[in-house]
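Written out below as structure tokens is the structure these notes cover.
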Amino acid sequence: MDDILKDKAEKIKLFITDVDGVLTDGRIVLGNNGEEFKFFHVHDGKGIQLAHEAGIKTAIITGRESKLVQRRADELSIQEVHQNIKDKIKVFNSILEKYQVSEDEVAYIGDDVNDLEILKRVGLSFTPANGVDKVKEAVDYITTKEGGQGAVREAIELLLKASE
């Protein structure tokens, strides 16, 4: 890890993630009866648990709404879950205010253009290996893992390694 990345990572107190394409592989599977399926990776869940154990708070901001996201957040003890959000920056600002953290104390992982405004403002920005090119050009770190395949865990491990 280079010194600039390490310096940024050491400051992080809050880790925020998108869902579709980050905590999942981006596929949305719809059943005949209107049910929705999402696939979450156990490694990402463990990464979030490790962040909590290290004192890093976590949050979700996603543009879609799904009971599955709330269920997974509950399983992982993620307190801040914001779904069906069209203006992610407004929610981002309210989270900063609520937890009294500055932008440089926040890490965010997102994969698409609706994440760009936050990605450009946070102290440390990530995208999964399969994030869109415009996002890849804007972030501090591109994970080797794809969304839904351990990208969140990889990002969190980088944060934890910086504080060793």
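Every heavy atom of this structure was used, including side-chain atoms; hydrogens, water molecules and symmetry mates were not. For the single chain, residues carry numbers from 1 onward in sequence order.
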Quick one: does any side-chain atom of [X] pair with a main-chain N or O of [Y] as donor and acceptor, under 3.5 Å?
X	Y	result
Asp44	Val152	yes
Glu117	Lys88	no
Asp25	Arg27	yes
Lys136	Ala129	yes
Ser125	Asp140	yes
Asp2	Ile4	yes
Asn130	Gly147	yes
Lys11	Glu105	no

Please round to the nearest 0.5 Å and tell me the distance separating atom CD1 of Ile109 and atom OH of Tyr141.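 Interatomic distance, Ile109 CD1 to Tyr141 OH, rounded to 0.5 Å: 10.0 Å.
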
Does [atom1] belonging to [X] count more than 12 external heavy atoms closer than 6.0 Å?
X	atom1	answer
His52	NE2	yes
Lys67	NZ	no
Lys145	NZ	no

Are the side chains of [Y] and [X] in contact, using a 4.5 Å heavy-atom criterion?
X	Y	result
Lys57	Val101	no
Phe92	Val122	yes
Ile118	Ile89	yes
Gln83	Ser66	yes

For Ile56 and Leu160, what are the C-alpha separation, side-chain angles and deciding distance, and is it a side chain to side chain contact (heavy atoms under 4.5 Å, CB included)? CA-CA 9 Å; Ile56 298 171; Leu160 299 178; 4.1 Å; yes

Pairing of Arg153 and Glu157 as salt bridge, 4.0 angstrom limit: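 So Arg153 pairs with Glu157 through a salt bridge.
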
Strictly by modelled atom types, are Asp74 and Gln70 linked by a side-chain donor-acceptor pair under 3.5 Å?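 Yes - a donor-acceptor pair under 3.5 Å links their side chains.
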
Considering all heavy atoms of both residues, which atom of Ala151 and which atom of Pro128 are nearest to each other, and what is their separation?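 Residues Ala151 and Pro128, closest heavy atoms: CB-CB, 3.9 Å.
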
Closest approach of Lys38 and Leu68, non-hydrogen atoms and distance?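 Looking at all heavy atoms of both residues, the shortest contact is N-CD1, 3.7 Å.
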
Determine the interplanar angle of the Phe15 and Phe126 rings, folded into 0 to 90°, and report it as parallel if under 30°, tilted if 30 to 60°, perpendicular if over 60°.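 Correct class here is tilted.
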
